[in-house]
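Taking it in order: structure first as structure tokens, then the write-up.
All chains are named by letter (A, B, ...) in the order of the sequence lines, taking the proteins before the strands, and each is independently numbered beginning at 1.
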Amino acid sequence: MVASEERGDFPLNVDTKRDSAEMIKTKLRASENLLKECYAQFPNYSGIVKCLLENPMEKLLDICRLTVGIPLRPMLGKITQDLTQVFKKSEGKLLNCEYKYDGQRAQIHMDSNGVVTIFSRHLENMTEKFPDIVQVIPRICSDGVTSFIMDGEVVAINSDGQLQNFQKLSNRTRKNVELSKISVPVCVFAFDLMYLNGQSLLKLPLRNRRDLLHGNFVKVKGQFDFVAQIESSDPEEVHSFFKNSTEFGCEGIMVKVLDDPPSKTGNNQRTNLLASYEPDKRLESWLKVKKDYINGIGDSLDVVPIGAWHGNGRKARWWSPVLLAIYNPDAETFEGVCKCMSGFSDQFYAEMKLKYSKENGNISETKKPYYDVDDGIRPDVWFEPLEVWEIKGMAAVGNVDHEKGLSLRFPRFVRVREDKSVENATTSEQLAEMFFNQVNERKSEKNISIEGVLEDKNESDENDYASN
DNA sequence: GTCCCAAGAAGCC
DNA sequence: GTCCGACCAATTCGG
DNA sequence: CCGAATTGGTCGGACGGCTTCTTGGGAC
């Protein structure tokens, strides 16, 4: 990757004659890391290549640096199953806990000419989709703000300014959006600031970035706000904050390291408790705590596998995905509810392939009359209804096509329910109940109305997916 | 040539 | 978005 | 004390649901 002739003898350059194999390896690794770091904040290969052709590699980060108008790869949160492990890892340090809103990530740039660009998590340019956000940006800047890059979550709200679910946000038009015709208003909840007035803030600890964010921007009712947050090291306090977040209609919380460790010495190199903004990384310094990760309190369903497709690539030897069904005791049918391909180990795949095989007579080409599955869903094979699996996910209901009724967001396999027979699988009534429990949980929170969710419920009722 | 619909692609999570 | 497995490097373990 | 085994972290692949947007073919 590193051509040596042109760039002489700068340290990263490999000298194939003089360097030991070990040294070459080290240098290549260093170059690779440098390039990665560069790409994370300046994902533009033509720019990087041009820079490398004209400059020594040491200059790379100085030249291809964080730039307004060019998106950086966002820092990501690490999944955490258990709130208590958060405190073990943080060693009593103060943590910034923030609501994790159910919306869409947005990286907002404003250059020194006031030109606003909005990027998605995968660096797509979303500016066209959010003219309302573009329009409000001048009003959020305090005096003296000339340029910035900010990280936040775009969330759908209703006319009263209350949070709507993700589905609602999906209903927004994406192309040629006219300001006057926006049907789904949104609010930006900001949580980080990576660049301000010509300066990169990436290396600053979160505490400083957060304070700069709060100090240089102002709320605009219903359009721009900061994420709800507390600073704490108290497990009780954080736990109740987490609970509040889910009752408020959020997915959970983010728990972030606020300050850099006093000294690096003695610190385990594996524990990445950095308070800086690390583009494109998923470190322990940002922990994502969601209800459905946590054992016992997420939505779980007992379903029957009723069909499957031939897998691709790495899963070419197995059945993947698998079609899963809930049970309708009145009609004595199995109703397809979702496909699932996550949570299975290779060993489980192997056993599944053996069990559902021609040899064992448990598969067939034709759909059983007591399988109630949308015509559009045509598995390669149909299974005999043999067993019950526990799966996890989030009960959700679509807005557009209510005929589809309830479904499951992020379905994944948890375990086989040896103790259950197929007639004891979750029923459609129970699934509906699960969804409404989520709704009622939010409803019970005084200050928060959940008009949007209730609307969904009513509309859905009209389509009677939950009746009889 | 225009309209309509279904299937597929692309984009969020 | 979730999850698994492959891979790598740092850390710990055992002789 | 050093090599082997273990552990923790990163990365890539395989796909989930929902939605809007695009596209291609058939009817008229």
- Item | Nearest heavy atoms of A:Leu76 and A:Trp286, plus distance in Å |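 Closest approach of A:Leu76 to A:Trp286, heavy atoms only: O-CB, 3.8 Å.
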So, is [X] close to the [N] phosphate, meaning a side-chain N or O under 4.0 Å from OP1 or OP2?
X	N	value
A:Lys290	C:dT2	yes
A:Ser170	B:dG11	no
A:Arg409	D:dG17	no

Selected nucleotide, minimal atom distance to [X] side chain, candidates [options]:
X	options	value
A:Arg174	B:dC13, C:dC3, D:dC21	D:dC21
A:Tyr293	C:dT2, D:dT19, D:dG17	C:dT2
A:Asn312	D:dC15, B:dC13, D:dG16	D:dC15
A:Leu283	D:dT10, D:dT22, C:dT2	D:dT10
A:Lys78	D:dT19, D:dT10, C:dG1	D:dT10
A:Gln167	D:dC21, D:dC18, D:dG16	D:dC18
A:Lys288	D:dT19, C:dG1, D:dG17	C:dG1
A:Glu284	D:dG9, D:dC15, D:dT20	D:dG9
A:Lys36	D:dC11, B:dC12, C:dT2	D:dC11

What does [X] touch in the nucleic acid at a heavy-atom separation under 4.0 angstrom: a base, only the sugar-phosphate, or nothing?
X	value
A:Phe413	nothing
A:Ser342	base
A:Gly103	sugar-phosphate
A:Gly393	nothing

Just how far, in rounded Å, is [atom2] of [N] from [atom1] of [X]?
X	N	atom1	atom2	answer
A:Ile79	C:dC3	CD1	P	6 Å
A:Arg29	D:dG9	CZ	C1'	13 Å
A:Leu35	D:dC11	CG	P	13 Å
A:Lys315	C:dG5	NZ	P	9 Å
A:Glu153	B:dC12	CD	P	12 Å
A:Arg172	D:dC21	CZ	P	11 Å
A:Leu76	D:dC11	CG	P	10 Å
A:Leu406	D:dC18	CG	P	10 Å

Which is more 5' along DNA chain C, the nucleotide nearest A:Asp346 or the one nearest A:His122? Just name the residue.
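The residue mapped nearer the 5' terminus is A:His122.
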Quiz item: Can you tell me if A:Asn44 uses its side chain to pair, donor with acceptor, with the backbone of A:Gly47 under 3.5 Å?
Solution: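 Checking the backbone N and O of A:Gly47 against the side chain of A:Asn44, a donor-acceptor pair under 3.5 Å is found.
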Practice item. With DNA chain D as reference, determine whether A:Pro321 or A:Lys175 sits nearer its 5' end, using the nearest nucleotide of each. Key: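 Of the two residues, A:Pro321 wins.
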Discussion item. Can you tell me how the ring of A:Tyr101 sits relative to the ring of A:Phe248, calling it parallel under 30°, perpendicular over 60° and tilted otherwise?
Written reply: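 It falls in the perpendicular class, over 60°.
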Parallel, tilted or perpendicular, as decided by the 30° and 60° cut-offs, for the rings of A:Phe242 and A:His239 =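 A:His239 vs A:Phe242 ring planes: tilted.
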Pair A:Phe148 and A:His109, ring centroids less than 6.0 Å apart
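No, too far apart.
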Salt-bridge test for A:Glu153 and A:Lys100: reply yes if a basic N is under 4.0 Å from a carboxylate O, no otherwise.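 Judged by the 4.0 Å cut-off on N to carboxylate O distance, A:Glu153 and A:Lys100 do not form a salt bridge.
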